[in-house]
Q: 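What follows is a structure written as structure tokens; I'll ask about it next.
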Amino acid sequence: MMTEQIEEKMGRYEPSKIESRWQSRWEQDELYKAVIDESREKFYFLTMLPYTSGDLHIGHWYAMAPSDARARYLRMRGYNVMYPIGFDAFGLPAENAAIQRDIHPKEWTYANIENMRRQLRSMGAMWDWSREAISADPEYYRWTQWFFLRMYKNDIAYRKMSPVDWCPHCNTTLAREQVIGDNRVCERCKTPVIKKDLEQWFFRITDYAEELLNFDFIDWPDPVKVLQTNWIGRSEGARVVFKTEGGDEIEVFTTRPDTLWGATFMVLAPEHPLVEKITTPEQEQEVHAYTQEAVRQTDIERESLDKEKSGVFTGGYAINPVNGERIPIWIADYVLMTYGTGAIMAVPAHDQRDFEFARKFGLEIRPVILPEGFDSLDGELMEGALPEYGEMINSGPLTGTPADQAFDAAVAYLEERGTGRAAVNYRLHDWLISRQRYWGAPIPMLYCENCGIVPVPEDQLPVELPEDVEWKPTGESPLKFHPTWKNTTCPECDGPAERETDTMDTFMCSSWYHLRYLSPDYDQGPFDPGEYDYWMPVDTYTGGMEHATMHLIYTRYFHKVMRGLGVTEGPEPMLQLRNQGQILGPDGQRMSKSRGNVVDPDEQVANYGADAVRAYLMFGYRWTEGGPWNPDNIQGVVRWLNRVWSLVMETEDGEAGASGRELERSLQRKVHQTIRQVAQDLEQFEFNTVISALMELTNEILAANDKGMAGNPVFEEALDTLLLLMAPSTPHIAEELWSQRGRQYSIHQQGWPVFDPDLAAEEQITLIVQVNGKVRDRIEVPAEIAEDEARQLALGSEIVQRFMEGKEPRDVIYVPGRLVNIVV
RNA sequence: GGGGCGGUGGCGGAAUUGGCAGACGCUGCGGACUUAAAAUCCGCCGGUGGAGACACCGUGUGGGUUCGAAUCCCACCCGCCCUACCA
């Protein structure tokens, strides 16, 4: 080490030489190991764990490196920071990749992990690797299964037959959010999705819909809150029961109970269970054909966005409960089985979709609401629906009810008669967690001929995945075809039983990884309660916005469920969330292997060093926005780091440098202004200005060096401070230069430089002088100048006099420390 | 149709949140060093007019509030990303 350092003393900045050396040293010294310390304030800094898809691209770095800088800053600020890392290792891509390459998913996944660890280490982040957790480890998914059992025993997990979206290519069910686009294709392989009925496991997430809409306890970005709110999709209205002539009940949900008297027909979704029963023999053929067509349409491709309404009369009739009218029942694909009850009352006068449908099929359009500005309405003449509220008309006993009372009056009317009630409907569905796949945590349930559905006893967990399995796609869960695995004995009756062969949605695994980090080796429970009490909740969580409606809802839900079961505590798992934007390829397109525009961090590190890559990712973008990778712009930070390097290495200290009050004050001022700014910007996730402030300070120190200040204590302190301020962002070069300056190891165990507002204060300021709001002059004045004096100086300015054109000032606005505006 | 994000020099972006628009960089141009190049260093770099001092214009467009607007309000235009008949 010594000789190496001497060699480098005169050498150039070569990141590859110093970075790996310091990384090993830090690891060897367990510098970043987070240990409970009651005497210090804790900070749990979490960044979304990577999925084990092969290797990291620069986007991972973009999420993680600035987060690391902030975590390091907080640590220097005195917080006991935990910054853990792990891997989301189960899931479909692993299995698909394994199928393509004929390699076992486990082997593939763990090889990827090995590679990703190496890549992550090259970043020089302060991860506490001793807390690493991998969701595919039996010791991890043992507890995923344990959580499932808790949910099952508390009636939160339940099984039901359910039409699910099914990808014929991937041979699996898809969550609603994995079906994308107008033509309803699989998010992964773009194959059109079809419907299939299967017995599936669900979690009752809708029970928590209301609580999930409450964001009072968390500091999360508004767009995420909006996305979650829309995803949950709460709407208030009423459920109303219509009876068919055959006596069957058809329940509908409506947000407009006040329009009930205008319901002139009903529409069922083609898949509605009553369709068959209602349909008359004469209509059977037509209805059947339409139903087939509707299924085929979701199957193949949906027509244009504004496609014409289509539908078929079933031949059946229902009775409108408010006025006893007999109204026809139709089926149409604009009514969705997946929303509300799968049936609607159609009020064509006040709903545009119903209007279009009625016009096309010649059904009655009867206005029952008179919005403001209308004297009367004639259904025959209307050109479109009128969705506004208004005075109720043609509505029996409620006719004349004003707009603001219509909703409540209608609900009260329904409730009095027992034909309906106020109701809240959510777009959110219960969470379907069954996956007909191999590479996931097995659902720990058994099916016994005698005892029925039986949970695996907790002491038999984990239900381990067998490795000798044929994981190729067959259309069913591969575990079904394992010769022995699924056969077991029932823990209740000792008779033969079969294991559940579906595995869990990986979002289940990632809903609690932040808890496993607390104590990845703990075997008495999912986590060590002592660790939980100290570290939880997560103080800052960083990651991509794309998880707003999936992971980020699931993990909140999971926490709330477990709180209900006494496992976790507090209202929310993650207090502060911040989302970074996306790094695009150099061509401005989303990075993808097929486009060939993926930026490989290994290559960038090899070319420029980890510090330069980190600094560039911080400097080049607004963190929340992201943008295209620019191979030229990174040169700017490379040059900066080189300047810092030579500044430290080529400046001899110990000599008496140039001194002088002005020189010293001016450098000190910049130093303290930079301390303030870097701290503030790191706190606020404004990473680009962190680096620009550091560059400015470097420029200032360089200028001071040119003036011969090296050796002056103020200069030396400035250099030390620069390194300390750089330490969070560019940890390797900061450590190396710190050590070259003979300072005490490690820079990452130093405190954050103390900011002194007096030293940061300007003594001279430039007072802007405006005439009628336009800048006309600038006057150098002492910072603490009195208002009167400032006004005098401004009015006395020759230039100002000229622009005042001899007029008397009507008003003079004075902003201390800023400007004087003379209004004439 | 609904929702989100954004629009500032040739480019990435700053602007103490209503107070000098363009910090810090990249690119480009000019110069120094070099036999030459790279690297490095110095200078210039929003537009128009002017030899110049300087003046005028300028933050997507139009209006408004204000002593003062990139920033606040209203209307509109454009781009990107979600979402999609949500009863």
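Order of the sequence lines fixes the chain letters, A, B, ..., with proteins taken first and strands second; residue numbering starts at 1 for each chain.
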Q: Can you tell me if A:R427 touches the phosphate of B:A87, counting only side-chain N or O atoms and a distance under 4.0 Å to OP1 or OP2?
A: no
Q: Roughly how many Å apart are B:U8 and B:G13, using the P atom of each and rounding to a whole number?
A: 9 Å
Q: On RNA chain B, does the nearest nucleotide to A:R810 precede the nearest nucleotide to A:I634 from the 5' side, or the other way round? Give the residue.
A: A:I634
Q: Please pick, from B:A15, B:G19, B:G3, the nucleotide with the shortest atom-to-atom distance to any side-chain atom of A:V815.
A: B:G19
Q: For B:G1, which nucleotide in any strand shown is its Watson-Crick or wobble partner with both distances under 3.5 Å?
A: B:U83
Q: Tell me the interatomic distance from A:M545, atom CE, to B:G3, atom P, rounded to whole angstroms.
A: 16 Å
Q: Report the base-pairing partner of B:C33 (Watson-Crick or G-U wobble, both distances below 3.5 angstrom), or none.
A: none
Q: Which nucleotide in the list B:G13, B:C85, B:A21 gets nearest to the side chain of A:V775?
A: B:A21
Q: Is A:R818 side chain donor-acceptor paired with the B:U16 base, going by distance under 3.5 Å alone?
A: yes
Q: Could A:D222 and A:K225 be called an ion pair, given the rule that one side-chain N must be under 4.0 Å from one carboxylate O?
A: yes
Q: Between A:K670 and B:A23, does any side-chain N or O lie under 4.0 Å from OP1 or OP2?
A: no
Q: What nucleic acid atoms does A:V335 come within less than 4.0 Å of, heavy atoms only: base, sugar-phosphate, or nothing?
A: base
Q: Whether A:N688 contacts B:A14 is assessed here as follows: a side-chain N or O lying under 4.0 Å from the phosphate OP1 or OP2. Is that the case?
A: yes
Q: Hey, is A:R791 close enough to A:E787 for a salt bridge, meaning N to O under 4.0 Å?
A: yes
Q: Check whether the side chains of A:Y621 and A:N633 place a donor and an acceptor atom closer than 3.5 Å, and report yes or no.
A: no
Q: Hey, is the side chain of A:D632 pairing donor to acceptor with the base of B:C26 inside 3.5 Å?
A: no
Q: Determine if the base of B:G7 is syn or anti; take syn to mean the glycosidic torsion is within 90° of 0.
A: anti
Q: Any side-chain N or O of A:R643 below 4.0 angstrom from OP1/OP2 of B:G25?
A: yes
Q: Counting only side-chain N and O atoms of A:R639, is one of them less than 4.0 Å from OP1 or OP2 of B:U27?
A: yes
Q: Does a side-chain N or O of A:R776 approach OP1 or OP2 of B:C56 to a distance below 4.0 Å, or not?
A: yes
Q: What nucleic acid atoms does A:F803 come within less than 4.0 Å of, heavy atoms only: base, sugar-phosphate, or nothing?
A: sugar-phosphate
Q: Whole Å only: how far is the NZ atom of A:K309 from the P atom of B:A87?
A: 14 Å
Q: Could you check whether A:R676 makes a cation-pi contact with A:F755, meaning its NZ or CZ is under 6.0 Å from the centre of the six-membered ring and within 45° of the ring axis?
A: no
Q: What nucleotide among B:A23, B:A55, B:U40 has an atom nearest to a side-chain atom of A:S692?
A: B:A23
Q: Write down the distance between CG (A:L617) and P (B:G13), rounded to a whole number of angstrom.
A: 13 Å
Q: May I ask you to evaluate whether A:T624 reaches the phosphate of B:C5, defined as a side-chain N or O under 4.0 Å from OP1 or OP2?
A: no
Q: On RNA chain B, does the nearest nucleotide to A:R590 precede the nearest nucleotide to A:K774 from the 5' side, or the other way round? Give the residue.
A: A:K774
Q: Taking the side chain of A:I344 as heavy atoms from C-beta outward, which of B:A87, B:A14, B:C67 is closest to it?
A: B:A87
Q: Does the distance from a Lys or Arg side-chain N to an Asp or Glu carboxylate O, for A:E625 and A:R622, drop under 4.0 Å?
A: no
Q: For nucleotides B:C5 and B:C11, find the distance between their P atoms and express it as a whole number of Å.
A: 25 Å
Q: Could you tell me which nucleotide pairs with B:A55 by Watson-Crick or G-U wobble geometry, both distances under 3.5 Å, or answer none if nothing does?
A: B:U48
Q: Between B:C26 atom P and A:Y608 atom OH, what is the distance in whole Å?
A: 13 Å
Q: From the options B:A55, B:C82, B:C67, select the nucleotide whose nearest atom is closest to the side chain of A:V823.
A: B:C67
Q: Strictly below 4.0 Å, N to O, side chains only: are A:E808 and A:R810 in salt-bridge contact?
A: no
Q: Compute the ring centroids of A:W330 and A:F361, then answer whether they are less than 6.0 Å apart.
A: yes
Q: Expressed in angstrom and rounded to an integer, what is the separation of A:Y334 atom OH from B:A87 atom P?
A: 13 Å
Q: Of all the choices, B:G6, B:C56, B:A23, which nucleotide is nearest to the side chain of A:E696 once you look at every atom?
A: B:A23
Q: Does a nitrogen or oxygen in the side chain of A:N699 sit under 4.0 Å from OP1 or OP2 of B:G25?
A: yes
Q: B:C24 C1' sits how many Å from A:D681 CG, rounded?
A: 12 Å
Q: Over all strands shown, is A:N230 touching base, sugar-phosphate only, or nothing at heavy-atom distances under 4.0 angstrom?
A: sugar-phosphate
Q: Measuring to OP1 and OP2 of B:G7, would you say a side-chain N or O of A:R622 lies under 4.0 angstrom away?
A: yes
Q: Nearest-Å distance, CE (A:M618) to P (B:A14)?
A: 13 Å
Q: Please work out whether B:U83 sits syn or anti, treating a glycosidic angle within 90° of 0 as syn.
A: anti
Q: May I have the distance from A:Y621 (atom OH) to B:C80 (atom P), rounded to whole angstrom?
A: 20 Å
Q: What is the pairing partner of B:C20, taking Watson-Crick or G-U wobble pairs with both distances under 3.5 Å in any strand?
A: none
Q: Parallel, tilted or perpendicular for A:W623 and A:Y62, by the 30°/60° rule?
A: tilted
Q: Does A:Q770 contact B:G19 through a side-chain donor or acceptor facing the base, at a distance under 3.5 Å?
A: yes
Q: Which one, B:C86, B:C20, B:G6, comes nearest to the side chain of A:E625?
A: B:G6
Q: Using the P atom as the reference point in each nucleotide, state the distance between B:C74 and B:C80 in Å, no decimals.
A: 26 Å
Q: Got a salt bridge between A:E14 and A:R12, using NZ or NE/NH1/NH2 to carboxylate O under 4.0 Å?
A: no
Q: To the side chain of A:T254, which of B:C41, B:A87, B:C54 is closest?
A: B:A87
